[in-house]
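Since the structure comes first, as structure tokens, the remarks are kept for the end.
All residue numbers in this chain count up from 1 along the given sequence.
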Amino acid sequence: MTLAHQRRRRRAQEARGRTPLFVEAPQSLASTHSRGHLGLSRFVVPRGKMKIEALLTYPIKGLRAHSLDSAELTKHGFTYDRRFMLLEVKKGEDGSTTLRNMAIAHDPRGSRFFPTLHQPSDYNAKDGKITVTFKPPPGEGVEKTLEIPLEPSTEGLEVNEVTMHKSPTKAYQMSAEYCRWFSDCFGYEVILVYLGEHLRPVLMSSTHADATTQQPASGGSAG
């Protein structure tokens, strides 16, 4: 919807005695992206019609969402949203290794994982955690749970290049115990990575295109 269209609609609403409510949007939401654009820094919502049904965050990209009672909104989205992500390790016939971004649309087994975000306490910013419960289909084993520190130490962790929605950045590969747990649950080799301080620019793109993104595996010292 163009800005001119929005203005005409507003004048029509005012003529009918309906005063619209302007809701300011974050600047990042007004940016242009590859599959179209929002084009506005504000949206017109008829007064009394706007209702927030739920606040959802995805602590680990590729798994289910976690519902919040309240959330802090930053220029990068909700705090702790998609700070972790899952990548499938794919081996080529030539021995090369690529990493594929995982998403429930392409990896439906991800819907069997139920993450819970435990916010850090006021007196210790490092005691936050994510609890992930895996509930396998009937007859495929027993339910099991993994705890992941919300802000893990990155000392000595391997660094990988990742791309999310056409926005490249770096991420730390979590230690073997976490990667092995997810690999066992999915049935193929998976790694868990943590963005840490490498928060990516918000460019936005089609989630369908991003889900099939593959990138060469690259490692290095976290120093």
Side-chain angles (χ1 to χ4, degrees), residues 56-68 78 80-120 126-165 169-196 198 200 207-208 210-222:
L56 300 177
T57 187
Y58 293 82
I60 302 176
K61 184 181 184 299
L63 305 184
R64 282 179 174 267
H66 169 71
S67 181
L68 300 171
F78 288 160
Y80 303 121
D81 181 61
R82 294 173 175 86
R83 294 299 188 263
F84 293 84
M85 66 183 295
L86 290 168
L87 303 168
E88 180 188 1
V89 180
K90 299 179 73 70
K91 304 288 187 180
E93 293 182 358
D94 59 356
S96 63
T97 299
T98 56
L99 302 175
R100 181 183 66 84
N101 294 3
M102 296 177 66
I104 287 181
H106 298 271
D107 304 276
R109 198 171 178 85
S111 64
R112 294 283 178 175
F113 295 81
F114 296 80
T116 302
L117 177 64
H118 303 272
Q119 299 275 4
K126 295 293 185 181
D127 65 358
K129 63 183 178 181
I130 302 170
T131 301
V132 183
T133 300
F134 174 62
K135 299 180 179 181
E140 291 191 18
V142 297
E143 181 178 308
K144 54 184 179 179
T145 300
L146 176 71
E147 287 190 359
I148 304 167
L150 196 54
E151 297 184 26
S153 170
T154 58
E155 184 177 357
L157 295 182
E158 182 178 309
V159 177
N160 284 282
E161 302 284 344
V162 298
T163 300
M164 295 172 64
H165 298 290
T169 188
K170 299 181 184 296
Y172 298 99
Q173 182 173 324
M174 295 291 286
S175 58
E177 63 179 296
Y178 301 105
C179 300
R180 187 165 48 247
W181 189 88
F182 281 105
S183 296
D184 290 344
C185 293
F186 275 98
Y188 47 85
E189 189 176 358
V190 169
I191 63 171
L192 175 69
V193 298
Y194 169 60
L195 291 183
H198 302 127
R200 63 193 176 89
T207 55
H208 176 76
D210 180 65
T212 59
T213 298
Q214 294 188 19
Q215 49 232 345
S218 59
S221 170

Within a strict 4.5 Å, meaning less than it, do heavy atoms of the [X] and [Y] side chains meet?
X	Y	result
F78	P59	no
L56	H66	no
D107	Y188	yes
K91	S96	no
L63	L86	yes
L150	P120	yes
L146	F182	yes
V162	L99	no

About how many Å separate [atom2] of [Y] and [atom1] of [X], when rounded to the nearest 0.5 Å?
X	Y	atom1	atom2	result
N160	L87	CG	CG	7.5 Å
D184	E189	CG	CD	11.0 Å
R109	M102	CZ	CE	10.5 Å
I148	R83	CD1	CZ	15.0 Å
L192	Q173	CG	CD	9.0 Å
R112	K135	CZ	NZ	10.0 Å

Exercise. Test M174 against V193 for side chain to side chain contact (heavy atoms under 4.5 Å, CB included), laying out the working first.
Key: CA-CA 5 Å; M174 295 291 286; V193 298; 6.0 Å; no
Quiz item: Taking everything shown except Y58 itself, do over 12 heavy atoms lie less than 6.0 Å from its OH?
Solution: no
Exercise. Determine the interplanar angle of the F134 and W181 rings, folded into 0 to 90°, and report it as parallel if under 30°, tilted if 30 to 60°, perpendicular if over 60°.
Key: perpendicular
Quiz item: Distance only, no hydrogens: is a donor on one side chain within 3.5 Å (strictly under) of an acceptor on the other, for Y194 and E151?
Solution: no
Quiz item: Any donor-acceptor pair under 3.5 Å linking the side chain of R100 with the backbone of E88?
Solution: no
Quiz item: Is the backbone of T145 close enough, under 3.5 Å, to the side chain of T133 for a donor and an acceptor to pair up by distance?
Solution: no
Self-check item: Six-ring centre of F84, K61 cation under 6.0 angstrom, axis tolerance 45°
Solution: no
Practice problem: Search all heavy atoms of I191 against all heavy atoms of C179 and return the closest pair with its distance. | Solution: CA-SG, 3.7 Å
Self-check item: Nearest heavy-atom neighbours spanning S183 and V190
Solution: OG-N, 2.8 Å
Practice problem: Please test T131 against H118 for side chain to side chain contact (heavy atoms under 4.5 Å, CB included), starting from the C-alpha separation and ending with a verdict. | Solution: CA-CA 8 Å; T131 301; H118 303 272; 3.0 Å; yes
Quiz item: Can you check side chain to side chain contact (heavy atoms under 4.5 Å, CB included) on I130 and T116, steps first, answer last?
Solution: CA-CA 6 Å; I130 302 170; T116 302; over 6 Å; no
